[in-house]
Amino acid sequence: MRTGVWLVGARGSVATTSIVGGLALRAGLAGPTGCVTELPELRGPALPAFADLVFGGHDLATTPLCKRAEALADSGVIPWRLVAAIRDELSAVEQELRPAPVGATQADRAAAVVRDLTGFRERHELDRVVVINVSATEPAPQPHPGHADPAALRAALAGPDEVLPASSLYGYAALLAGCPYVDFTPSTGLRLPALTALAEEARLPYAGHDGKTGETLVKSVLAPMFAMRNLDVRSWSGVNLLGGGDGATLADPAANAAKVQSKQRVLGETLGYVPQGGTRIEYVEELGDFKTAWDLITFAGFLGTGMRMEFTWHGCDSALAAPLVLDLARLTAAAHAAGQVGPLTELGFFFKDPLGTPTHSLGEQWARLTEFARLLHGGGDSGHDHAG
Ligand SMILES: NC(=O)c1ccc[n+]([C@@H]2O[C@H](COP(=O)([O-])OP(=O)(O)OC[C@H]3O[C@@H](n4cnc5c(N)ncnc54)[C@H](O)[C@@H]3O)[C@@H](O)[C@H]2O)c1
């Protein structure tokens, strides 16, 4: 199954690491460590092979992909030997990167994205293209009457207003082009009534939001433990220090607020109450693409005895995120091929703020994901309609 992976934010750290990783896997130069779709519970014939993935994308920036890969190699995110070995393949992907669309209205810009997507699908004779948003985190948008339903949206987009934030405009264009859409960021994406209705109309699946790769991943394992042992979590405070483009974006208070909200949801929904404390994100340029998170948890046990737990996470964000981007491309392509429509809640395992899923617990999310994969691989009827 020849599958296009169209990355919005294609020259960013996560996208570049995903492209380098995908090309290295295809060439047999790297193993699939970190790719959960290569685990025995998920692997199978319904997924496109790494060799079947073809990359393209949009970005506002113009830095050549090879230069971005070299910068990531310099900062220790990817090995230099891989960048050297796949230089020609990276140049071929460069030919499939497009500037962010221009046009007088948002309808014109959406039409330009649709042309880019359909051109890509036709040039490479792809069975389908999965659009994945890995661009900079946006602030929450201002409400607009065009968000209410598809007719209002179409009318509003033809006018002069900035109706949709960029993540949603790309999502809208993806739906028009017949492409499933995955949001790896905390941005709005398809989370507007007009767009979820359009996804249903277009009979397309979609997934999100905000890849779960570090502190929140650990939280989604620890919080169920406290809950299952009936321990009373009194406070949970975290500080995240990060550099890189993502860190610079999150230095903006509005983008920061969108991210912090996405990171805190797991506690309230897993514990059933919100303990004291919050999550802070600070930009430290020196850290580059590496991140440190410190968490302090205080909790009470039998007879009220107070106890505490601390953890420190030192992660390389892009190296943690990129294999999940490849996993999401493969699983979403398989879901689309199986005729699935609407939010792919079974992919909640991958996200901090999963769409419509009843659980934030990593263990329960894993059970749902593996069952989903079993059905996709022919273990039962997988063609149900999520939107129904
Ligand atoms: N790395 C992780 O572990 C992780 C986890 C969860 C979510 N995310 C999210 O993934 C996203 C990417 O992270 P990153 O570290 O690659 O950031 P980055 O800053 O390196 O890359 C973002 C890219 O998006 C581009 N961009 C911005 N606005 C755009 C637009 N309107 N159209 C097209 N391109 C646009 C930028 O030019 C840049 O190249 C962020 O939103 C981040 O919050 C990352």
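Ligands are counted one by one from 1 in listed order, and the atoms in each one are counted from 1 as well.
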Give the intermediate values and the outcome of salt bridge (charged side-chain N to carboxylate O under 4.0 Å, His left out) for residues Arg109 and Glu162.
CA-CA 11 Å; Arg109 276 172 260 157; Glu162 290 293 305; 3.0 Å; yes
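Heavy atoms of Ala166 found under 4.0 angstrom from ligand 1 belong exclusively to the side chain. Contacts between Thr213 and ligand 1 below 4.0 angstrom, taking non-hydrogen atoms only, involve the side chain exclusively.
Heavy-atom distances between Val134 and ligand 1 reach below 4.0 Å in at least one pair. Note on ligand 1: Lys352 sits in its first shell, one or more heavy atoms being nearer than 4.0 Å.
The shortest N/O to N/O separation between Val14 and ligand 1 falls below 3.5 Å. In terms of N/O distances under 3.5 Å, ligand 1 is not approached by Thr185. Backbone and side-chain nitrogen or oxygen atoms of Tyr170 are examined, and one is located within less than 3.5 angstrom of a nitrogen or oxygen of ligand 1. Every N/O-N/O distance between Thr249 and ligand 1 stays at or above 3.5 Å.
Near Thr137, with a cut-off below 4.0 Å to any heavy atom, the atoms of ligand 1 are 40 (C), 41 (O), 42 (C), 43 (O). Ligand 1 places these atoms under 4.0 Å from at least one heavy atom of Ala61: 37 (O). Below 4.0 Å from some heavy atom of Asp210 lie the following atoms of ligand 1, by number and element: 6 (C), 7 (C).
In the model, Arg68 has a side-chain atom that pairs as donor or acceptor with a side-chain atom of Ser13 under 3.5 Å. Using modelled atom types, one finds a donor on one side chain and an acceptor on the other under 3.5 Å when comparing Thr359 with Glu364. Using modelled atom types and a 3.5 Å distance limit, the side chains of Asp108 and Thr105 yield a donor-acceptor pair.
Ionic pairing of Lys67 and Glu94 is not present here: no N-O contact between side-chain nitrogen and carboxylate oxygen is shorter than 4.0 angstrom.
Nearest heavy-atom pair across Ala177 and Val114 is CB-CG1, 4.1 Å.
With His360 as reference, Glu269 is the one residue of Lys352, Glu269, Gln365 to meet the side chain to side chain donor-acceptor pair (under 3.5 Å) rule.
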